[in-house]
Amino acid sequence: MTKQNEFEKTEALFLKEGFQKKILDWFQEHKRAMPWRENPLPYYIWISEIMLQQTRVDTVIPYFHRFIEKYDTVEALANAEDETLLKLWEGLGYYNRVRNLKIAAGEIMERHVGEIPENYEDLLKLKGIGEYTAGAISSEAFGKKEIAVDGNVYRVMARLLGIREDLKKPAVMKKIKEEVRSLLPDVMVGDFNQGLIELGALVCIPNGSPRCGVCPVKDSCTAYKENLQEEIPLKVKKKERREEERSVLIFRHDGRYGIRKREEGALLAGLYEFYHEEGHYEGHLIEEWVENLGGKPLAIYPLKDKKFLFTHILWKLKAYVVELEAPLEDLLFLTREEIKMSYSLATAFRDYFEELGENDGL
DNA sequence: AAGACGGGGTT
DNA sequence: AACCCAGTCTT
């Protein structure tokens, strides 16, 4: 090895260790309190990581408390009722996560005698655990030397490295993962991973200007040095949502409301909802529609139009309360209290549901 | 490689 | 109104 190479290697190592220390020290000082950090059991880390997929920490915390209170072990989860799980997940979104959680619990019971596996490869085979989550669990719960690159880390690394490309491109993602892997310390890997993530959430933020003034690694940051913080990550035009016009009929009989369960495998699979169909209907068409469904409307009250956004769909909703002479067979007629207590209502209908409480005198 | 899959906070 | 969040699965 030449003198020059020796120096470069030594310097790189020095920089790398300095970087690791800066991240670890910053994390130790600034990490937020989270219930799963107080007692980082693998089970807690697993549940929290699944809930945290595409979901903010503050949103997750109350769900996490309710979930582990009800199901505190892998075995309990493996034997859980689907309906109860869905109710616990109500409003959190991406409902396949909780179905997969139960499936994975079964897999852990079968293949790993109820113990959450420690290795990346074993974790990756479990339902609902992808690259990020496998790395997060193995490093944070078991101290394995694995990367955990989430949306925060992609952004942080893109700025550090001055990458002015679409972060969705596989080649770019691969490059960033390799860079993170090369920076990984031998010990405290979990804290290092969480440090990069936390830095992205608190300092190297996605919206607004990053708080470079308080960043522990700004001296190593290409974006900071070249004033490219606003250019990186590169903004990419998103695909437009498709729009769907829908009309909702909120059937009422004897103070009870008609709801139905959504199909498995569909959007909002297994959740409950009010009756609705595609299309915007009003006036006498509503009455005809109800009669075609086999109902006799005593009165029809229109509610306010609403819009509801999904990631890929925009629902433009018209809604009516329909007072019926008799309940419809295809729907479940329940009181508001019963629905609130035991049925997981799709959030798209939440506002209408709440309004019903205010209009019980109608 | 691209689309499906929720809902909400922030700007 | 647009962005994006401690992503994964399916096609």
Side-chain angles (χ1 to χ4, degrees), chain A residues 27 31-32 34 36-37 44-64 86 89-101 103-104 123-137 139-141 147-156 158 166-174 177 180 190-191 193-202 204-210 230 233-242 262 264-271 273 307-315 344-351:
Chain A
F27 180 64
K31 65 179 174 188
R32 292 168 287 177
M34 299 177 193
W36 48 90
R37 281 181 177 166
Y44 293 171
I45 302 290
W46 173 39
I47 302 298
S48 68
E49 286 298 347
I50 300 298
M51 287 185 168
L52 286 163
Q53 288 168 5
Q54 297 289 286
T55 312
R56 290 185 161 66
V57 171
D58 292 340
T59 306
V60 163
I61 289 175
Y63 283 90
F64 177 81
L86 222 40
W89 212 266
E90 181 182 30
L92 196 53
Y94 287 129
Y95 298 91
N96 276 332
R97 290 186 293 176
V98 73
R99 301 165 194 286
N100 290 341
L101 213 39
I103 294 170
L123 286 160
L124 191 59
K125 291 190 183 106
L126 297 172
K127 201 75 175 167
I129 294 184
E131 262 182 44
Y132 162 74
T133 306
I137 296 174
S139 67
E140 293 170 26
I147 58 172
V149 180
D150 74 336
N152 289 305
V153 181
Y154 282 117
R155 179 179 59 259
V156 170
D166 183 357
L167 296 186
K168 290 287 185 291
K169 284 165 67 178
V172 176
M173 299 177 77
K174 184 161 179 281
K177 286 185 282 188
V180 175
D191 279 3
N193 282 334
Q194 291 184 78
L196 285 180
I197 294 169
E198 196 87 324
L199 190 67
L202 300 181
C204 199
I205 54 180
N207 300 314
S209 306
E230 308 291 342
L234 189 72
K235 293 165 192 50
V236 185
K237 189 145 168 66
K238 294 283 187 293
K239 227 194 98 184
E240 285 183 28
R241 297 185 171 83
R242 74 169 181 272
R262 290 182 62 87
E264 298 301 326
L267 178 70
L268 304 169
L271 274 71
E273 64 179 6
K307 288 183 179 177
F308 190 81
L309 292 162
F310 297 94
T311 309
H312 54 301
I313 310 171
L314 167 61
W315 273 359
S344 184
L345 186 72
T347 302
F349 304 96
R350 173 67 43 190
D351 286 350

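Chain letters run A, B, ... following the sequence lines, proteins first, then strands; residues in each count from 1.
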A:Y44: what forms a ring pair (Phe, Tyr, Trp, His ring centres under 6.0 Å) with it, not counting sequence neighbours?
A:F64
Residues which pass side chain to side chain contact (heavy atoms under 4.5 Å, CB included) with A:E273, listed by chain and number, not counting sequence neighbours
A:R260, A:R262, A:H276, A:F349
With sequence neighbours left out, the residues meeting side chain to side chain contact (heavy atoms under 4.5 Å, CB included) with A:I313 are A:R242, A:E244, A:L267, A:F310, A:W315
Just checking A:N96: base, sugar-phosphate only, or nothing, at a heavy-atom cut-off of under 4.0 Å?
nothing
Side chains of A:N100 and A:R97: is there a donor and an acceptor less than 3.5 Å apart?
no
Nucleotide range of DNA chain B contacted by chain A, 5' to 3', under 4.0 Å to a heavy atom?
B:dA1 to B:dT11
Residue whose closest nucleotide on DNA chain B lies nearer the 5' end, A:D58 versus A:T347
A:T347
By the 4.0 Å heavy-atom rule, please label A:K235 as base, sugar-phosphate, or nothing.
nothing
Closer than 3.5 angstrom, by distance alone: can the side chain of A:R99 be matched with the main-chain N or O of A:A269 as a donor-acceptor pair?
yes
Sorted by chain and number, sequence neighbours left out, side chain to side chain contact (heavy atoms under 4.5 Å, CB included) with A:A148 holds for A:Y132, A:A136, A:N193
Would you classify A:I205 as touching base, sugar-phosphate or nothing, given that sugar-phosphate means primed atoms plus P, OP1 and OP2, and contacts are heavy atoms under 4.0 Å?
nothing
When rounded to the nearest Å, what value does the distance between C1' atoms of C:dC5 and B:dG6 take?
12 Å
Please indicate whether A:E131 has more than 12 foreign heavy atoms, meaning atoms of other residues, nucleotides or ligands, lying under 6.0 Å from its CD.
no
Please confirm whether the backbone N or O of A:L86 pairs with a side-chain atom of A:S344, one donor and one acceptor, at under 3.5 Å?
yes
When the distance from CG of A:L202 to P of C:dC4 is rounded to whole Å, what number comes out?
18 Å
Sugar-phosphate or base contact per nucleotide [nucleotides 5-11 of chain C; S, B, -; heavy atom under 4.0 Å]
BBBSSS-
For atom P, what is the distance between B:dG8 and C:dT8, given to the nearest Å?
22 Å
